[in-house]
Amino acid sequence: MNAVFYILAALTLAGGLATVLLKQLVHCALAVTVAFAGLALLFLQLDAQFAGFAQILVYIGAVAILIVFAILLTRGSELPKDGVFSKTWFLGLVIAAAVFAVLGWAVLASVSAVPQQNAVPSVTVRDIGIALVGRYVLPLEIVALLLTAATIGAVIVAMHEKERPR
Amino acid sequence: MTTPLAGYLLVAALLFAIGLGGALVRRNAILVLIGIELMLNAANLNLIAFWRFGPHPEALTGMMFAIFSIAVAAAEAAVGLGLVIAIYRHTNTAELDKIDRMKG
């Protein structure tokens, strides 16, 4: 536990909180980008370079842009008249707090039972590539199929419906 | 005194709770999707932390799980935001409590 971890954790959690609490949707998109960047830095801090850079590429490069596009296409920059929080916000808050209490209790009660090694794992991108086309080749193919289907599906769902011919 | 693993797991739990709260509390469909993305990211942080501090990191299990999870989350975001845009085109709103056409 060093200072870098605390700074990155604070950055990530502040980004997440700002995402949930800010009123303007565009500000929320910016805040969630900060949270994604903080997570990518946490991955790098955990010696998972490949996952960290994949996080930057996929989340900051693609998902954040997608979110901004969706906000602009749905005119989300206009503030709604009756508030941004739902009528049952208190119930949602209670559920979230209860979930965090259970998760935190489970982590603190059981973490000493987990064997822990602190040596830095010596894993290169080459090892990851070999594992991807070796042991994990079937999940890789399935993910490729899923991404193709999701791309086509997203385009078809969001496409303008043509007028039906009479 | 907490171990580094417990620190990362607590951060992930807090981020999950924040995402869950956002998904439950906000009225805009896009913010609900962002909350779901935050929850998926918290799960990824758990996977990477267990990969780093668990036994046999050279087997790459947790790392691979996180990478596939990132790919699935990207597909989910694309389809989800496409659905939000389609719903907005039909109902002219992205506020979830106004989309009640199927309410009995």
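A, B, ... follow the sequence lines: proteins, then strands. Residue 1 opens every chain.
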Taken to the nearest 0.5 Å, the spacing of A:Tyr59 OH from B:Ile70 CD1 works out to 6.0 Å
All heavy atoms of B:Ala78 vs all of A:Leu66, minimum pair found to be CA-CD2, 3.6 Å
Honestly, the part of A:Leu57 sitting under 4.5 Å from a heavy atom of chain B is neither
Of B:Leu14, B:Leu20, B:Asn92, the largest count of non-hydrogen pairs under 4.5 angstrom with chain A goes to B:Leu14
Most heavy-atom pairs under 4.5 Å with chain A, out of B:Leu24, B:Ile18, B:Asn41, belong to B:Asn41
Most heavy-atom pairs under 4.5 Å with chain A, out of B:Leu9, B:Leu60, B:Val11, belong to B:Leu60
Taking atom types as modelled and ignoring hydrogens, do the side chains of B:Asn44 and A:Gln55 form a donor-acceptor contact shorter than 3.5 angstrom? no
Among B:Pro57, B:Ala49, B:Gly19, the residue with the most heavy-atom pairs under 4.5 Å to chain A is B:Pro57
Closest non-hydrogen atoms of B:Ala59 and A:Arg135, given as atom of the first, atom of the second and distance, are O-NH1, 4.0 Å
Cut-off 4.5 Å, heavy atoms of chain A, and the answer for B:Phe16 is side chain
For A:Ala70 and B:Leu81 the tightest heavy-atom approach is CB-CD2, 3.7 Å
Quick check: does any side chain N or O of B:Arg26 sit under 3.5 Å from a backbone N or O of A:Val20, one acting as donor and the other as acceptor? yes
With chain A, the option among B:Pro55, B:Gly54, B:Ala94, B:Ala29 that has the most non-hydrogen atom pairs under 4.5 Å is B:Gly54
Turns out that what part of A:Val107 lies under 4.5 Å from chain B's heavy atoms comes down to side chain
Closest non-hydrogen contact found for A:Phe43 with B:Ile48 is CE2-CG1, 4.0 Å
*asked:* Using modelled atom types and a 3.5 Å cut-off, is there a donor and acceptor pairing between side-chain atoms of B:Arg89 and backbone atoms of A:Ala158?
replied: yes
Okay, A:Ala35 and chain B: the region with an atom under 4.5 Å from a heavy atom over there is side chain
Under 4.5 Å to a heavy atom of chain A? For B:Ala66 that would be neither
Here the pair of heavy atoms bringing B:Leu10 nearest to A:Phe100 is O-CE1, 4.1 Å
